[in-house]
Amino acid sequence: PFLPIYFYPLLSVFHPGYRTEDHVYQEDAQEFLSFLLDSLNEEIVAELSLVRGADASKSTSAASAEPEDGWLEVGRGSHKPSVILTKADTFSQSAVTSIFGGKLRSSVRRAQVSAASASISPFYCLPLDISDGGVRTVEDALFKFLAPESLEGFTDGRLHEVTARKQTSFEELPRVLILHLKRFAFTDAAAKVSKFVEFPAVLTIPASVCAKAAPAQRRYKLFSVVVHHGKQAANGHYTADVLQANGSWFRFDDDNVFPIGTQQVFSSNAYILFYQQDRAN
């Protein structure tokens, strides 16, 4: 059987500072996933730079590109700017970003100011707060994440405090949408949020929160669920349920791989959800 321990010697090759005796140290699945995707992207970009004989990117992570005076976006039927793009962070492009990389737009509009300021930032995993009692489904958590919010501390040109609202939307949707349900809360001590959050087999992102996505790009099908087993945040065990081509589900539990029922998958306390764009419809 395949054993995860086979990875340990390989890790020491790619990471000289890694010690085999450290393999008992556990990592959070979402943090490890983000680190893995970021590292893969960096390595691919570096190799492409060597192949092309030039630097393929000025940065190997989410590098900030800030125009000195901001960028203006002109609204339809008007010569006046409707949005001032003040900041645009980008991933260095590779096969990893083309599959998993998305972009969020955060717009802030002040009262009595015609143009909104906006920033665009990339993401691999979308963190969704599920601690609120009103969040019972993934759609609830997504709506909460994208809901407008009031901001304090903004002033006008006369230094008078004014009301401002922030709106988050999708600038670009990824081919694979990774949703991270935030099950670990950190206040005085780490605690796990063990509530059940319903998640759909097919997820459609509303057009109202998408800047450019076509209908086919907004429809996603679930293909994998990562679950954290255990009552505490400091320890526990992870499993992954994966959808097969024939429509059946298999659970990957370390070196144990076995079929499970659909009902068991959708009744689990999901930690990370993987959705793939359903371009066939």
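Counting begins at 1 with the first residue of the sequence.
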Please work out whether the ring planes of Trp249 and Phe266 are parallel, tilted or perpendicular, with thresholds of 30° and 60°.
perpendicular

Straight-line distance of Phe170 CZ to Lys103 NZ, nearest 0.5 Å:
14.5 Å

Which heavy atom in Arg218 sits nearest to a heavy atom in Ala207, and how many Å separate them?
NH1-N, 3.4 Å

Check: Asn41 side chain, Asp38 main-chain N or O, donor-acceptor pair, under 3.5 Å
no

One should read off an interatomic distance between Cys210 SG and Glu171 CD, to the nearest 0.5 angstrom, of 10.5 Å

Between Asn269 (side chain only) and Ser194 (backbone N and O only), is there a donor and an acceptor less than 3.5 Å apart?
yes

Spell out, as yes or no, whether a donor-acceptor pair under 3.5 Å connects the side chain of Lys195 to the backbone of Asp132.
yes

Look at atom NZ of Lys192 and say whether more than 12 heavy atoms of other residues, nucleotides or ligands are closer to it than 6.0 Å.
yes

Quick one: OH on Tyr124 to CZ on Phe100, what's the gap to the nearest 0.5 Å?
9.5 Å

d(Asp241 CG, Leu273 CG) to nearest 0.5 Å is 10.5 Å

What about Leu177 and Val202, same hydrophobic cluster or not, with Ile/Leu/Val/Met/Phe/Trp/Tyr joined at side-chain heavy-atom distances under 4.5 Å?
no

Residues pairing under side-chain hydrogen bond (donor to acceptor under 3.5 Å, both in side chains) where one sits in residues 173-184, two or more places apart or in two chains, turn out to be His180-Tyr271

Hey, are Gln30 and Ser34 close enough side-chain-wise for a donor-acceptor pair under 3.5 Å?
yes

For Phe196, does the CZ atom sit with more than 12 other heavy atoms under 6.0 Å from it, leaving out its own atoms?
yes

Please step through side-chain contact (heavy atoms from CB on, under 4.5 Å) for the pair Leu142 and Ile205, ending with a clear verdict.
CA-CA 9 Å; Leu142 192 59; Ile205 307 298; 3.6 Å; yes

Would you say Asp253 and Thr239 are linked by a side-chain donor-acceptor pair, where the criterion is simply a distance under 3.5 Å?
no

Go through it in stages, so that I can follow the logic: the residues are Asp28 and His228, the test is side chain to side chain donor-acceptor pair (under 3.5 Å), and I'd like the CA-CA distance, side-chain angles, deciding distance and then a yes or no.
CA-CA 9 Å; Asp28 175 74; His228 175 269; over 6 Å; no

If you measure from CZ on Phe199 to OG on Ser268, what distance do you get to the nearest 0.5 Å?
4.0 Å

Do Ser39 side-chain atoms and Leu36 backbone N/O form a donor-acceptor pair below 3.5 Å?
no

Where Leu146 and Gln167 come nearest, the two heavy atoms and their spacing
O-NE2, 2.8 Å

Which heavy atom of Gln244 sits nearest to which heavy atom of Phe250, and what is that distance?
CG-CD1, 3.4 Å

Let me confirm one number: the SG-CG distance from Cys125 to Leu181, rounded to the nearest 0.5 Å.
11.5 Å

Which heavy-atom pair separates Pro200 from Val138 by the least distance, and what is that distance?
CD-CB, 4.3 Å

Min side-chain heavy-atom separation Val135-Leu128 under 4.5 Å
no

